[in-house]
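Down below is the structure, laid out as structure tokens.
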Amino acid sequence: MNRPSNFIEKIIEEDLRTGRYKKVHTRFPPEPNGYLHIGHAKAIVLNFTIAEKYGGLCNLRMDDTNPLKEEARYVEAAVEDVRWLGFDWGDRLYFASDYFDQLYQYAVELIKKGKAYVDDLSPEEIRRYRGTLTEPGIESPYRNRSVEENLELFERMRRGEFNEGEKVLRAKIDMASGNLNMRDPVIYRIIKASHHRTGDKWCIYPTYDFAHPLSDSIEGITHSLCTLEFEDHRPLYDWFIEQLGIHHPRQIEFARLNLSYTVLSKRKLSRLVEEGYVSGWDDPRMPTIAGLRRRGYTPEAIRDFCEKIGISKANSVVDIQLLEHCLREDLNKRAPRVMAVLRPVKVIIENYPENYTEELDAENNPEDPSMGTRKLPFTRELYIEEDDFMEEPPPKYYRLAPGREVRLKHAYIIRCEKVIKDTETGKIKEIYCRYDPDSRSGSTQQRKVKATLHWVSAKHALDAEVRLYDRLFLKPNPEECEDFIECINPDSLKILKQCKVEESLANAKEGERYQFLRVGYFCVDPDSKNGHLVFNRTVTLKDTWAKIQKKLMK
RNA sequence: UGGGGCGUAGCCAAACGGUAAGGCAGGAGACUUUGGAUCUCCCAUUUGGUGGUUCGAGUCCACCCGCCCCAGCCA
């Protein structure tokens with residue numbers, strides 16, 4: 001077995017060695033109140049890969065203890081996302097709500113042991129009685145009710161005899177504890193709402209703090225991996241487990257993921273969706289798994305990223321460029337190359353015969369010859385990219401310009417003879433060139449030119465819509481703005497409708513990913529229909545000219 | 001000022017008490033029929049600080065400094 005790759009694996013190996021646990025059983029426990037995002041992916045990858053590495057299992061469990069916030073559509077989305085990432089939980093898709101009967105019994109047991117009581121204090125009173133960070137709390141006047149009375153009251157709570165907020169069940173621990181979580185936390189509350197799974201069976205629901213550790217125990221989880229903010233809930237979880245004398249998982253906390261130029265809190269992501277700043281949870285600018293998928297990310301790239309960032313207890317912000325690096329690295333190996341011209345300008349090859357089409361061979365992926373080749377039609381009239389021509393080229397600009405020669409990818413070397421401009425706007429309308437018939441790609445002649453351009457045959461090219469996505473936020477830390485909404489990048493989406501793509505893309509299917517030569521990686525959006533191609537820009541290629549330009553600007 | 005954590009490069013992150021891995025970003029160059037990819041080289045005399053223990057300290061001890069989390073009947 002490989003060496004432990006982080007502190008959690010070290011602990012697990014120690015536990016296995018000392019016999020504290022005989023096997024490893026983890027779980028990924030999302031609350032179905034929103035879509036899963038890249039931060040969840042970190043936890044998913046961690047839990048599933050650890051289970052696999054140590055020959056154990058990982059459950060998928062919905063922590064659905066609050067019917068006010070949870071919805072079935074979110075569980076469906078979560079299931080789809082985890083599966084898409086490539087993980088398998090067998091038949092172990094569980095729900096905390098499956099344990100409501102058991103949890104109720106555990107609560108009754110605590111009452112019988114004198115370790116829980118029904119409190120009549122209002123929410124405001126409970127808050128006031130809790131004390132502050134520096135002062136101890138005050139015990140509720142209802143704290144010392146008899147076991148019988150508590151049992152009866154709790155049963156009546158269950159039967160719906162009280163209103164929401166009228167009564168709660170609290171653990172009886174220590175109102176003077178320095179750890180606020182131990183100051184008699186609420187473990188059951190009255191919520192008269194129907195639950196997405198249990199319907200109207202219950203009107204009292206366990207709190208997360210009660211349900212979570214006990215659900216882990218019920219499932220026989222050995223290592224409960226969670227984020228740092230639950231570190232000081234651990235004594236409470238241990239307390240429940242010990243009072244009840246049941247299986248004791250070991251909780252280990254790690255730092256949650258933060259990513260530069262993005263927000264990863266469900267509250268903020270919901271706001272982006274609800275207030276319409278994005279088109280939905282799966283908008284390609286969203287850091288949700290669904291958004292990344294629609295953007296064209298591969299599960300492999302996301303998993304690789306999750307492994308590269310490591311696991312520790314230090315709060316950190318990972319540079320989004322690392323995610324993009326993992327993406328490019330994966331796509332470079334697998335994406336077929338095609339030619340697409342985003343901002344077309346016409347090129348006419350004066351010395352090329354009219355009404356003549358030549359079929360040129362083009363490799364589908366220079367990184368992987370097994371992906372084969374395809375035929376590309378070459379004709380007298382082509383489109384090239386607007387930025388690939390400059391009438392007055394600055395230094396270090398190697399592309400087409402009057403009198404300059406460039407190669408057309410997979411085709412010939414052309415020389416620019418003259419340009420026709422729109423007399424009114426001054427915009428370049430047509431570029432007239434001559435080609436060198438002896439310079440065809442693959443021919444023995446090896447003339448060198450400084451640049452190679454991508455192109456499409458005007459007659460054959462297909463029209464396409466291309467959506468250029470950029471980062472959603474302008475600042476590395478969107479929290480810097482008073483309201484993170486003000487940090488939104490107004491140019492995070494640019495739609496280009498006049499793009500020209502090579503005809504081989506005619507049957508491109510939803511979700512397929514391509515490299516548009518020299519431009520970037522793109523994938524077919526679900527909005528794409530027969531006769532109306534829509535591509536999303538997944539990520540650009542590294543553009544060294546852009547870098548040179550940036551430097552010259554300074 | 002109570003409790004719980006965390007400080008190793010611009011960003012992540014390794015390092016039985018034995019002389020600071022790796023990745024990203026950045027820089028320089030080679031190569032190139034994608035200015036892509038690839039390749040080569042550079043990028044911490046020092047681990048928040050100060051003392052101490054030790055032949056030897058990022059690792060052990062003491063004190064100090066800084067940052068994060070907790071006062072939901074959210075998770």
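By convention in this document, chain letters (A, B, ...) are assigned in the order of the sequence lines, proteins followed by strands, and residues within each chain are numbered from 1. Note that the structure is predicted; figures quoted are calculated from it, not measured.
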Can a salt bridge be assigned to the pair [X] and [Y] using a cut-off of 4.0 Å between side-chain N and carboxylate O?
| X | Y | answer |
| --- | --- | --- |
| A:Arg156 | A:Glu161 | yes |
| A:Arg440 | A:Glu358 | yes |
| A:Lys268 | A:Glu479 | yes |

- Message: Using the side-chain heavy atoms of A:Leu541, tell me which of these nucleotides is nearest: B:rG36, B:rC73, B:rG23.
- Response: B:rG36
- Side-chain atoms of A:His233 come closest, of B:rG5, B:rC12, B:rA75, to B:rA75
- Item | 5' precedence on RNA chain B between A:Glu231 and A:Ile309 (nearest-nucleotide basis) | A:Glu231
- In terms of the nearest nucleotide of RNA chain B, which residue is placed more toward the 5' end: A:Tyr398 or A:Gly131? A:Tyr398
Donor-acceptor pairs are to be reported for all side-chain atoms of residues 316-324 of chain A against protein atoms at under 3.5 Å, with residues two or more places apart or in another chain.
| residue | atom | partner | partner atom | Å |
| --- | --- | --- | --- | --- |
| A:Asp319 | OD1 | A:Gln321 | N | 3.0 |
| A:Asp319 | OD2 | A:Gln321 | NE2 | 3.2 |

- Message: Can you list, in residue-number order, the parts of residues 181-190 of chain A that come under 4.0 Å of RNA chain B, counting heavy atoms only?
- Response: A:Val186, A:Arg189
Does [X] have a side-chain nitrogen or oxygen under 4.0 Å from the phosphate oxygens OP1 or OP2 of [N]?
| X | N | answer |
| --- | --- | --- |
| A:Arg170 | B:rC73 | no |
| A:Arg130 | B:rG72 | yes |
| A:Thr544 | B:rG36 | yes |
| A:Lys547 | B:rG26 | yes |

In whole angstrom, what separates [X]'s [atom1] from [N]'s [atom2]?
| X | N | atom1 | atom2 | result |
| --- | --- | --- | --- | --- |
| A:Glu229 | B:rG3 | CD | P | 21 Å |
| A:Gln515 | B:rG35 | CD | C1' | 13 Å |
| A:Leu236 | B:rG72 | CG | P | 15 Å |

- Item | B:rG58 to B:rU8 separation - P atoms, rounded to the nearest Å | 15 Å
- Query: What class does the angle between the rings of A:Phe230 and A:Tyr208 fall in, given that below 30° is parallel, 30 to 60° is tilted and above 60° is perpendicular?
  - Reply: tilted
- Cation over ring, A:Arg197 on A:Phe95, under 6.0 Å and within 45°? yes
- Any strand is fair game: report the nucleotide pairing with B:rG7 by Watson-Crick or G-U wobble, both distances under 3.5 Å, or none. B:rC65
